[in-house]
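Structure record follows, encoded as C-alpha cells.
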2 protein chains.
Amino acid sequence: MSRPCNDCKVRDQSLCSSLSDEELSSLNSIGHNRKLERGQTLLWAGDEAALCANLLEGVLKLSATLPDGREQIVGLLYPADFVGRPFSEQAEHTVTALTDAELCVFPRKPFEEALEEHSRMERLLLRRTLAALDEARNRMLMLGRKTAEEKVASFLLDMALHLGKPESRPGTPVTFDLPLTRAQMADVLGLTIETVSRQMTRLKRAGLIDLPSGRLVTILDRDALEERAEAA
Amino acid sequence: MSRPCNDCKVRDQSLCSSLSDEELSSLNSIGHNRKLERGQTLLWAGDEAALCANLLEGVLKLSATLPDGREQIVGLLYPADFVGRPFSEQAEHTVTALTDAELCVFPRKPFEEALEEHSRMERLLLRRTLAALDEARNRMLMLGRKTAEEKVASFLLDMALHLGKPESRPGTPVTFDLPLTRAQMADVLGLTIETVSRQMTRLKRAGLIDLPSGRLVTILDRDALEERAEAA
DNA sequence: CGTCCGTTTGAAGGCTCTCAAAATATGTGG
DNA sequence: CCACATATTTTGAGAGCCTTCAAACGGACG
C-alpha cells in the first residue's frame, strides 16, 4: 500500500472527503501514487479507459481533436479534482499534464465497485459531475459567442480564481504563473496563438494586466477586466 | 395522482427505468404531468431551480446568454431525457420548449430525497450526467475548432440520429422535420442566421441534402456529409 | 555564445458577420 | 378559402475580425 492518506494533500477536498477513515483505508488498498511529468499523457481518447484518479498536485488538460489535428482543450483539472470516466469502456478525451503532476490512481473497475459500495462518495461524484457539466456548458457560451478579447479576459480571470493567492483584498493586484503556453491558451479559447498574443499585449497596453516575465501574469484592474470579459 | 406510469411513453428509457413498479408508484406520487407550448420557458437561468423532470415528448433547448443578449444553446433535450439540476439552488441555464412538449415534473427537494432513497436511480443519473458531460465537451470541439460548413454538417447528422426513423438501411435517404428555426440553429452552432442559411443552400446545391419545404431536411448522401463534418 | 523553443509583431487574405432587401412561409381575420 | 400582415428564410454586397504566413525577438539551456 502506498503512502497513508493522512498525509494526503487533498484529503478533505477530493472525493475521498466523503469517506470515513476506515472506508478510506479500504479504498487506499486499490489505489497508488503516480507522478506525471509536464507533457505526459495519462489517457488517450479512444483507448480503453483503464483508470480513474484524484489529482493531488499540478494541472491537467482534457482535450479533443479532429482527424486533421485541430485541437480543443475541453477542460482543465486542478488539485482535488477527479480524473477519468467511470462506467465507460473507452476514454472520450485525452488527459495530459500541463505541469508536473501527482495523482492517486485507481484501476477503473475496482473503483466503480468502490463507488457502489460507498454511496456518499457516489453522491459526491454525482454532484461534482453536475457541476462540471454546468461549467462545460458555460464554456460553450464563451466558445460560441465571445470575441477574442472577451475570451482572453475571461480566461485570465478564471486562472486568477484557480491560481491566485486565496482572497487578497479586492482591488489588490493578483499575480500568478500560467501553466499554459500561448498555444495551449489558444486551444482552450478556440483561437490561434497569434490572436491570443495580440489580445494579451492589448490588455497590457490598456493597463489592465502586466506581463512581467515568462508566463507570469498580474491582474492590475480586475473590474475592467471583468467588463471586457462580457461586454457589459 | 396523475396518470399511472404504465401508460408512460418513456417508462423504460427514462430515469424511471431503474425503478421497480412499487418504487415507481412512490415517486409518481410526488410527480405530475405538465405540458409546454412551443416557446414556453420551464426554468430561467438565475432563478430558483425549483423542479426536475423527465421529458416525455417534444424537444427542449438549454441556453445561456451574455448580458448584451448574445445567446448560445448549450444542449438539446429529447424524450426520455432528464431535465433540471438537482442539488443546486439556482438554475444555471434556461430551459425552453422548441416544440410543444410534455413532461413529468417533480419538485426538486422531494426528487432529491427520492434519488437518495433509490440508489439505482441515483446511479443511472450519474451515468447519464457523465455521458452528458462527454457530449458537452465534444460540442466544445465543434464550437471552438470547426468551420461553418463543418458545424452545419455535424448538426444535420446529429439531428438525423435523434429524429430520423430508426435504422433505415445505410445509403437510404433520411428525412426529418427540424424543430429549430435558422436562428436557433445559429445559436446552437455559434454562427449567424445568414451563415447557417448559406451553408444549408451550399450543401443542397452540392447534392448532399435536400430542403423540400418548410423545415424538412433530407439527407441524400450521409457519407459525404460525414466527411464535411470533420474535414477528413 | 549559439541553438532551440516560445512569444511577439507585421502584412495580407479569407471566412464569417453586418446591414439590407427580396422571396417565401406562416398565421389571422374576414 | 382568400387576402393581408407577420415572421422566417434566402440572397447580395461590403466590412471586419481573426487567421495565415512570415520574420524578428527573447529567454532557457547546453
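Chain letters run A, B, ... following the sequence lines, proteins first, then strands; residues in each count from 1.
A salt bridge links B:R145 to A:D187: one of the charged nitrogens lies within less than 4.0 Å of a carboxylate oxygen. By the 4.0 Å N-to-carboxylate-O rule, A:D100 lies too far from A:K35 to be salt-bridged with it. Under a 4.0 Å N-O distance rule, the pair B:E89/B:R108 qualifies as a salt bridge. One finds no salt bridge joining B:E102 and B:R34 here, because no Lys/Arg side-chain nitrogen approaches an Asp/Glu carboxylate oxygen to under 4.0 Å. Salt-bridge formation is not detected for the pair A:E194/A:R198: no Lys NZ or Arg NE/NH1/NH2 atom is positioned less than 4.0 Å from an Asp or Glu carboxylate oxygen. With respect to A:E92 and B:R137, no salt bridge is recorded, no charged nitrogen being found less than 4.0 Å from a carboxylate O. Between B:R70 and A:E230 there is no salt bridge, since none of the side-chain N atoms of the basic residue sits less than 4.0 Å from a carboxylate O of the acidic one.
Taking atom CG of residue A:L211 and atom C1' of nucleotide C:dT9, one finds them 15 Å apart after rounding to whole Å. We find that CG of B:L178 is positioned 13 Å from C1' of D:dT9, with the value rounded to whole Å. Taking atom CD of residue A:E150 and atom C1' of nucleotide D:dC18, one finds them 14 Å apart after rounding to whole Å. Between the CZ atom of A:R182 and the P atom of D:dT19 there is a distance of 15 Å, given to the nearest Å. Note: NZ (B:K151) to C1' (C:dC17) measures 12 Å, nearest angstrom. Look at CD1 on B:I193: it is 13 Å from C1' on C:dC19, rounded to the nearest Å. As a whole-Å value, the separation of A:R70 CZ from C:dC15 P is 13 Å. Note: CG (A:L189) to P (D:dC17) measures 18 Å, nearest angstrom.
Here the straight-line distance linking atom CG of B:L141 with atom CD1 of A:I73 works out to 12.0 Å at 0.5 Å rounding. B:E48 contributes atom CD, which lies 10.0 Å from atom OG of B:S88 (distance to the nearest 0.5 angstrom).
Between B:T201 and D:dT11 there is a side-chain N or O to OP1 or OP2 distance below 4.0 Å. Checking the phosphate oxygens (OP1, OP2) of D:dC18, no side-chain nitrogen or oxygen of A:R198 falls inside 4.0 Å. Contact between the side-chain N/O atoms of A:S197 and the OP1/OP2 oxygens of C:dT8 is found at a separation under 4.0 Å. Phosphate contact (OP1/OP2 of D:dT19, side-chain N/O of A:T195, threshold under 4.0 Å): present.
Using a 4.0 Å heavy-atom cutoff across all strands shown, A:T181 reaches sugar-phosphate atoms only and no base atom.
Judged by atom type and distance alone, A:E194 reaches the base of D:dC21 through a side-chain donor-acceptor pair under 3.5 Å.
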Pairwise N/O distances under 3.5 Å, protein to nucleotides 1-7 of chain D:
none

Can you give me the N/O atom pairs linking the protein to nucleotides 23-28 of chain C at distances under 3.5 Å, or say none if there are none?
none

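Formation of a donor-acceptor pair under 3.5 Å by the A:T41 side chain with backbone atoms of A:T96 is not found in this model. Side-chain atoms of B:Q13 do not come within 3.5 Å of backbone N or O of B:V10 as any donor-acceptor pair.
In the helix from C:dC1-D:dG30 to C:dG30-D:dC1, the end axes, each obtained as the rotation axis mapping the C1' atoms of four pairs onto the next four within a five-pair block, lie 40° apart to the nearest 10 degrees.
When each of A:L51, A:L77, A:L36 is paired with A:L103, the side-chain contact (heavy atoms from CB on, under 4.5 Å) condition holds for A:L36 and for no other.
Along DNA chain C, the nucleotide nearest to B:Q199 and the one nearest to A:R205 differ in position, and the one closer to the 5' end is contacted by A:R205.
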